Q: 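What follows is a single structure, and I will ask about it in a moment.
All values reported here derive from a predicted model rather than from experimental measurement. Computed from heavy atoms alone, side chains included, the values below leave out hydrogens, waters and symmetry copies. Note on naming: letters A, B, ... go to the chains in the order of the sequence lines (proteins, then strands), and numbering restarts at 1 for each one.
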Amino acid sequence: MSLPLTVPFNLDVTLCCGQVFLWEPRDDWWFGVVGGKALRVRHCVDRLEFAGVGEEFVKHYFRLDDDLDGIAREVGKDEYMRTALSEFWGLRLVRQEPWECLASFICATFKSVAAIQQMLLKLSLRFGKQLTFEGQEFHAFPNAARLANSSLEELKACGLGYRAKYLLETSKMVAAGDFNPETLREMPYAEAKRILLGFPGVGRKVADCVLLFGFGKLEAFPVDVWMKRVLLSHYGSYFEAGVTKKLAEASGLSNSDYEKLNGFARSYFGCCAGYAQEYLYHYERCLRGTTNLKKQRGLNHKFKVNRHEAEQS
DNA sequence: TACTGGCCTAGGTA
DNA sequence: ATACCTAGGCCAG
């Protein structure tokens with residue numbers, strides 16, 4: 001199936017920018033599993049081609065209904081931000097499934113993207129429902145009930161380390177009904193955040209990721225080490241000198257410091273601060289990180305090798 | 001309320 | 001190869 005693209009959209013950047021972990025580039029297509037269904041999608045000049053799902057799903061998942069031009073006008077407050085926007089123009093946030101998003105970002109703390117991919121892949125292979133799509137095997141991300149019935153040892157075997165305890169506990173709470181996505185979706189940002197902070201393994205950063213990617217709270221602005229660098233080096237003048245100096249020297253980020261950076265960004269960029277975050281984050285990683293788009297696409301081969309290894313174990 | 005270590009581990013790098 | 005080093009933090013004290 002095919003969908004004419006009448007709005008700005010860059011599929012590759014959208015799937016490479018670190019908001020999702022389990023999409024796999026293969027044979028010129030992106031393969032993924034969403035909502036228990038496997039699908040493939042690719043970007044061809046002026047249209048999207050896809051299989052496994054319908055047009056409405058694609059539009060919804062990739063947020064093609066967001067007015068990206070309007071958002072860019074809203075968050076493009078300064079030259080630096082406008083550069084990031086133009087550099088990766090067409091990057092869109094994705095409407096992830098809340099549970100998968102919550103579980104993913106609990107696992108993601110203090111880990112590199114490559115390691116996160118491996119952890120989540122192993123969880124899916126071991127606990128996820130097996131699917132067949134066009135003759136190929138895929139695995140859905142495991143639901144909370146399944147993980148709640150696993151053991152600490154099993155989760156650690158997937159490489160989770162100290163996160164295993166958090167994921168197991170949170171899975172149990174979610175399976176017991178403590179996590180109602182519909183309710184959280186209706187709540188305002190601050191209220192939903194308070195609920196999320198009640199799950200073990202969920203601090204401010206993880207909560208903001210889940211609010212942004214899982215619940216579409218576009219005012220959420222996750223601050224990780226990369227965003228901290230961006231905010232200090234390009235927006236340092238908005239903070240007291242003492243704060244800037246202290247943050248630059250410290251490796252971590254205390255809760256109160258998180259609130260300072262997060263609070264500034266949300267008031268500065270406004271109601272779509274989350275979009276600003278994703279563009280700045282990706283820009284920073286491509287500029288200063290060891291990661292760049294070319295490399296990420298080059299992950300393909302390695303990803304396949306690791307998938308094979310994971311299946312052996 | 002705010003700060004400080006400790007924590008599991010795998011990928012990446014020199 | 002083989003050691004490091006760091007990675008999209010969180011939590012208990």
Q: For Lys129(A), check salt bridge (Lys or Arg N to Asp or Glu O under 4.0 Å) against everything at least two apart and list the hits.
A: none
Q: Is a side-chain N or O of Lys217(A) found less than 3.5 angstrom from the main chain of Met187(A), in a donor-acceptor match?
A: yes
Q: Considering only side-chain heavy atoms of Asp224(A), which listed nucleotide, dG11(B), dC3(B), dG9(C), is closest?
A: dG9(C)
Q: Of all the choices, dG11(B), dT9(B), dA2(B), which nucleotide is nearest to the side chain of Lys111(A) once you look at every atom?
A: dT9(B)
Q: Taking ring-ring contact (aromatic ring centres under 6.0 Å, His included) as the test, write out the residues that go with His60(A), two or more places apart.
A: none
Q: Taking only Watson-Crick and G-U wobble pairs with both distances under 3.5 Å, what dot-bracket line describes DNA chain C, where [ ] shows pairs that cross earlier ones and | shows pairs with another strand?
A: .||||||.|||||
Q: With sequence neighbours left out, what residues match Lys260(A) under salt bridge (Lys or Arg N to Asp or Glu O under 4.0 Å)?
A: Asp257(A)
Q: Could you check how far NZ of Lys165(A) sits from C1' of dT9(B), rounded to whole Å?
A: 15 Å
Q: dA10(B) and dC11(C): how far apart are their C1' atoms, nearest whole angstrom?
A: 22 Å
Q: What's Gln19(A) touching, base or sugar-phosphate or nothing? Going by heavy atoms closer than 4.0 Å.
A: base
Q: In terms of side-chain geometry, is the basic nitrogen of Glu219(A) or Arg266(A) positioned less than 4.0 Å from the acidic oxygen of its partner?
A: no
Q: Partners of Arg63(A) by salt bridge (Lys or Arg N to Asp or Glu O under 4.0 Å), sequence neighbours excluded?
A: Asp66(A)
Q: Met119(A) has an atom CE; how far is it from atom P of dA7(C), in whole Å?
A: 15 Å
Q: Output every pair passing ring pair (Phe, Tyr, Trp, His ring centres under 6.0 Å) with a member in residues 153-192 of chain A, not counting sequence neighbours, ordered by first then second residue.
A: Phe179(A)-Phe199(A)
Q: Atom pairs, N/O to N/O, protein against nucleotides 10-13 of chain C, distance under 3.5 Å?
A:
from	atom 1	to	atom 2	distance (Å)
dC10(C)	OP1	Gly203(A)	N	2.9
dC10(C)	OP1	Val206(A)	N	3.1
dC11(C)	OP1	Gly201(A)	N	2.8

Q: How would you list, by chain and number, every residue that makes a side-chain contact (heavy atoms from CB on, under 4.5 Å) with Glu186(A), sequence neighbours excluded?
A: none
Q: Specify the separation, in whole Å, of atom CE of Met227(A) and atom C1' of dG9(C).
A: 16 Å
Q: Can you sort out the partners of Phe62(A) under ring-ring contact (aromatic ring centres under 6.0 Å, His included), two or more places apart, ordered by chain and number?
A: Phe9(A)
Q: Checking contacts here: which listed nucleotide (dG9(C), dA2(B), dG12(B)) is nearest the side-chain heavy atoms of Val225(A)?
A: dG9(C)
Q: Just the rounded figure in Å: distance from C1' of dA2(B) to CG of Leu247(A).
A: 14 Å
Q: Which of residues 149-157 of chain A sit near DNA chain C, with a heavy atom under 4.0 Å from it?
A: none
Q: Keeping to residues at least two apart or across chains, list the salt bridge (Lys or Arg N to Asp or Glu O under 4.0 Å) pairs with something in residues 90-103 of chain A.
A: Asp65(A)-Arg95(A)
Q: Could I get the full list of salt bridge (Lys or Arg N to Asp or Glu O under 4.0 Å) partners for Arg82(A), not counting sequence neighbours?
A: Glu79(A)
